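Written out below as structure tokens is the structure these notes cover.
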Amino acid sequence: MISRETYLQQLIQFKDTDFIKVITGVRRSGKSVLLMQYRDYLQSQGVPAENIIYLNFESFDYQWVKNEVDFHQLIKEILPDSKEKIYFLIDEIQFVDGWQKIINAVRVSFHADIVITGSNANLLSGELATLLSGRYIEIKIYPLSFKEFLLSKNVDHHSRLVDKLYLEYEKYGGFPSVVIADEVLKETILSGIFDSIVLNDIAHRASVKDTHTLKSVILFLADNVGQLVNPSKISNTLTSERVPTSNHTINKYLDLLENAFLFYKAKQYDIRGKGYLKTNAKYFIADNGLRRHAVGKKEANYSNRLENIVFIELLRRGYTVDVGKLDSKEIDFIARKADEILYVQVAYELPNNTHETDNLLHIKDNYKKILITGKYYEQTEIDGVPIVYVVDWLLGE
């Protein structure tokens with residue numbers, strides 16, 4: 001079991017507070033394992049096992065729990081007769097219709113500490129937000145970072161193996177079950193994860209019957225990671241490839257892909273005009289291994305794959321990330337966190353000119369600017385802009 005210490009510390013920080021802890025993220029990214037690690041922590045702190053209630057609504061035992069009535073009955077059956085605090089750890093709660101009312105009732109009625117997980121962004125919309133009105137905190141979980149990847153391999157950051165292992169990480173991604181598997185099994189596991197996300201978390205739950213078009217949209221986005229796209233462009237491309245569709249359908253599928261945390265949308269921000277542009281956006285996939293599986297193991301697009309790794313890592317570090325536009329120039333990422341702004345350019349290799357850093361230097365403010373490269377260079381800066389090798393950046397803070 002791979003330790004997810006950063007996420008665990010977030011749970012511990014909000015332990016015994018009135019906040020409901022909501023762990024969200026793509027399927028198989030480690031949400032269930034994190035719950036188990038939190039359970040182990042609680043027991044290490046002296047919480048009796050009978051005061052920790054763990055429910056996984058994907059398990060066989062709870063398939064009968066379909067709605068809030070069933071959920072209410074289950075809680076009454078399993079609630080221990082104790083005046084001490086009860087810790088509820090509830091996995092994949094989105095499978096129960098109307099769960100929000102029961103969770104809020106548990107929060108109000110019992111001396112409880114509640115952690116829930118889900119693989120759909122709609123967990124935090126609508127009724128839950130209304131009922132809880134700010135009484136929850138979201139913990140966003142992602143596949144393993146490169147730091148966590150090395151930790152799972154028991155490899156020190158200073159080892160000579162780091163660069164070689166980065167190539168494995170870039171190729172197969174960071175899903176924990178893939179990372180710990182033998183290489184001959186990695187593709188099979190990735191295929192299973194991909195199908196479970198597409199068929200269970202998207203098609204089944206949204207009653208999508210045309211899975212061929214859905215998979216075509218996924219293939220298009222995966223093959224065009226880091227490229228500015230819009231629904232019209234996707235629709236026209238698929239139609240020309242004899243997959244007829246419409247802008248309305250594409251918009252629907254894009255929302256579903258985002259809700260399942262399979263893709264993340266980076267909107268285009270006009271730096272000079274200080275506003276978002278509504279036409280184009282970039283989409284990044286949750287894991288490079290899934291991207292490779294979706295496009296059929298094609299090895300090209302090194303720059304886009306690098307951009308995807310950087311984008312997801314920025315999210316993992318708590319940034320909100322947009323794509324920048326400054327007149328006719330593009331800034332790969334504008335990353336914001338509290339009062340901090342970080343401008344990032346990404347280049348697989350340094351060009352023979354200063355194009356990448358020139359774009360950054362045209363931004364006339366004093367926020368930090370960096371250039372992240374996919375190859376190592378002894379040169380550490382251009383005109384005051386730091387040049388950082390991606391492996392060093394991933395292992396830094």
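Residues: numbered from 1 along the sequence shown. This structure is a prediction, so every number in the text was calculated from the model and none was measured.
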Sequence neighbours excluded - side-chain hydrogen bond (donor to acceptor under 3.5 Å, both in side chains) pairs with any residue from [range]:
range	result
residues 255-273	Arg272-Asp327
residues 88-98	Ser32-Asp91, Tyr54-Asp91, Asp91-Thr117, Glu92-Gln94, Glu92-Ser119
residues 243-254	Ser232-Asn247, Ser246-Thr249

Residues 50-79 vs salt bridge (Lys or Arg N to Asp or Glu O under 4.0 Å), sequence neighbours excluded, gives Arg27-Glu58
Sequence neighbours excluded, which residues qualify as side chain to side chain donor-acceptor pair (under 3.5 Å) partners of [X]?
X	value
Lys337	none
Thr213	Asp210
Tyr343	Asp365
Glu84	Asn51

NZ or CZ of Arg39 within 45° of Tyr87 ring axis and under 6.0 Å:
no
Pairwise ring pair (Phe, Tyr, Trp, His ring centres under 6.0 Å) hits with a residue in residues 184-216, at least two apart
Phe194-His293
Spatial distance of atom [atom1] ([X]) from atom [atom2] ([Y]) [nearest 0.5 Å]:
X	Y	atom1	atom2	result
Leu144	Lys153	CG	NZ	10.0 Å
Ser145	Leu394	OG	CG	8.0 Å
Glu168	Phe146	CD	CZ	9.5 Å
Arg4	Thr6	CZ	OG1	8.5 Å

For Val69, which fellow cluster members are found when Ile, Leu, Val, Met, Phe, Trp and Tyr are connected by side-chain heavy-atom distances below 4.5 angstrom, either directly or through intermediates?
none
Carboxylate-amine/guanidinium proximity below 4.0 Å for Glu138 and Lys21:
no
Is Lys325 paired with Glu330 through a side-chain N to carboxylate O contact shorter than 4.0 Å?
no
Pair Phe149 and Tyr169, ring centroids less than 6.0 Å apart:
yes
Can you see which heavy atom on Gly374 is nearest to which on Val390, and at what distance?
CA-CG1, 4.2 Å
Can you sort out the partners of Thr211 under side chain to side chain contact (heavy atoms under 4.5 Å, CB included), two or more places apart, ordered by chain and number?
Leu199, Ala203
Throw together a table of side-chain donor-acceptor distances under 3.5 angstrom for residues 103-112, partners on residues two or more places apart or in other chains.
| unit_1 | atom_1 | unit_2 | atom_2 | d |
| --- | --- | --- | --- | --- |
| Asn104 | OD1 | Arg107 | NE | 3.2 |
| Asn104 | OD1 | Arg107 | NH2 | 3.1 |
| Arg107 | NH1 | Asp18 | OD2 | 3.3 |
| Ser109 | OG | Ala105 | O | 2.8 |

